[in-house]
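When a ligand or atom number is given, it counts from 1 through the structure's own listing order.
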Amino acid sequence: MKAVIALGGNALTGKDRKTDIKLQFETTRNTAKSIAKMIKNGWHIVITHGNGPQIGSLLLQQKKAMHEIPSMPLHVLGALTQGQIGYIIQQCLLNEFKKQGIKREVVTIITQVIVDEKDPAFKKPTKPIGPVYNDKEANEMKKSYVMGRVENGWRILVPSPKPISIVESKIIKKLIEENVIVIAAGGGGIPVVRKNGILEGKDAVIDKDLASQKLANEIGADILLILTDVDYVYLNYGKENEIEIREAKVEEIEKYYREGHFPPGSMGPKIEAAINFIKNGGKEAIITSIDKAWEAIEGRAGTHIF
Ligand code: ADP
Ligand code: MG
């Protein structure tokens, strides 16, 4: 079985998206245990992940140090976070494999993702990155960044163009077919445009769920497993009449999407990724929490879309 596992923010950092390094290792260690179960069952696996909190922290560090050290643009920060998070996941997985006697290699691929220079997203930042700020902090931040409201405060917003294709998908496919566990398309991949055949980085952050779907289809994955902080996708989420979706066909999910059950920036892109994955030849998309991952694979939990 070939699967792409997309790790959400809470698989790598705490609920408040703080980037304390001890917490990142602790959280990732727990995630590694979950993933080891699938690996034990002989799956070919690509792990993708978000980078919102980490790239936000790096952006602020650039700003604070700009008078002493040249600032790095967002696309370079994207590469830095792929290296940093890839390292943490690699080490946590290898340590868990050692404990369980699993003999598999793990590698992180710095991944570039083609976007369209004319994507309207470049003119309208929508993607939240960095920590959550209170009203007072946000007012100060508004001088330098576009700030947007989130559930419990404010976050920096950056452009989020649609992924078109994954530059490194061929080598990723080769590696997983060799049984190597690959960490790729971290943070949704580094956004690049191709001009007359030449690649060039762009200052934006691609949605990791949409990039994961592109990669999953390009490598011919059977399953797209999106791990987040809810056990199920719900209808009427957060309301009194909320109800979990256990199984749904694409047409059914598309109808719920149109009815507005899945907001942009959180559940929306996961649903869009699931729909696109199936329409482009994928067998099944599963959305669930890290803790329920294995149960979901066995069909006992999670939202299954096919
Ligand atoms: P991740 O870091 O995993 O991408 P997000 O915060 O982007 O996490 O998305 C997951 C969140 O989506 C959940 O924590 C939940 O608050 C929110 N959400 C919005 N609508 C729904 C829904 N219909 N069903 C379940 N969760 C939903
Ligand atoms: Mg998200």
Which of the ligand 1 atoms, numbered from 1, are nearer than 4.0 Å to a heavy atom of [X]:
X      : answer
Tyr232 : 25 (C)
Lys208 : 1 (P), 4 (O)
Thr228 : 1 (P), 3 (O), 8 (O), 9 (O), 10 (C)
Gly8   : 1 (P), 2 (O), 3 (O)
Met267 : 12 (O), 18 (N), 19 (C), 20 (N), 21 (C), 22 (C), 25 (C), 26 (N), 27 (C)
Val230 : 13 (C), 25 (C), 26 (N)
His261 : 23 (N)
Gly9   : 1 (P), 2 (O), 3 (O)

statement: Of Ser266, Gly238, Gly268, the residue with the heavy atom nearest atom 7 (O) of ligand 1 is Ser266
query: Among Tyr237, Tyr234, Tyr256, which residue places a heavy atom closest to atom 16 (O) of ligand 1?
result: Tyr237
For ligand 1, is there an atom lying under 4.0 Å from some heavy atom of [X]?
X      : value
Pro263 : yes
Glu242 : no
Gly265 : yes

- prompt: Which class fits the ring pair Phe262 and Tyr256: parallel under 30°, tilted 30 to 60°, perpendicular over 60°?
  reply: perpendicular
- request: Decide if atom CD of Glu259 counts as having more than 12 heavy atoms of other residues, nucleotides or ligands within a radius under 6.0 Å.
  value: yes
- request: Answer yes or no: does atom CD1 of Ile21 have more than 12 heavy-atom neighbours from other residues, nucleotides or ligands under 6.0 Å?
  value: yes
field: Minimum side-chain heavy-atom gap Glu177-Lys2 below 4.5 Å
entry: yes
query: Heavy atoms, side chains only, cut-off 4.5 Å: are Glu272 and Tyr257 in contact?
result: yes
query: When you measure from the side chain of Glu254 to the backbone N and O of Ile275, does any donor-acceptor pair fall under 3.5 Å?
result: no
task: Without swapping roles, check the side chain of Asn30 against the backbone of Glu26 for a donor-acceptor pair under 3.5 Å.
output: no
task: Pick one of side chain, backbone, both or neither for how Asp229 approaches ligand 1, counting any non-hydrogen atom pair under 4.0 Å.
output: side chain
- prompt: Is ligand 1 under 4.0 Å from a heavy atom in the side chain of Phe262, in the backbone, in both, or in neither?
  reply: side chain
query: Would Ile243 end up clustered with Met267 when hydrophobic side chains under 4.5 Å apart are linked, directly or stepwise?
result: yes
query: Out of curiosity, does Ile114 fall in the hydrophobic cluster containing Val193 (side-chain heavy atoms, cut-off under 4.5 Å, transitive links)?
result: no
message: Strictly by salt bridge (Lys or Arg N to Asp or Glu O under 4.0 Å), give each pair with a member in residues 56-74 just once, sequence neighbours left out.
response: none
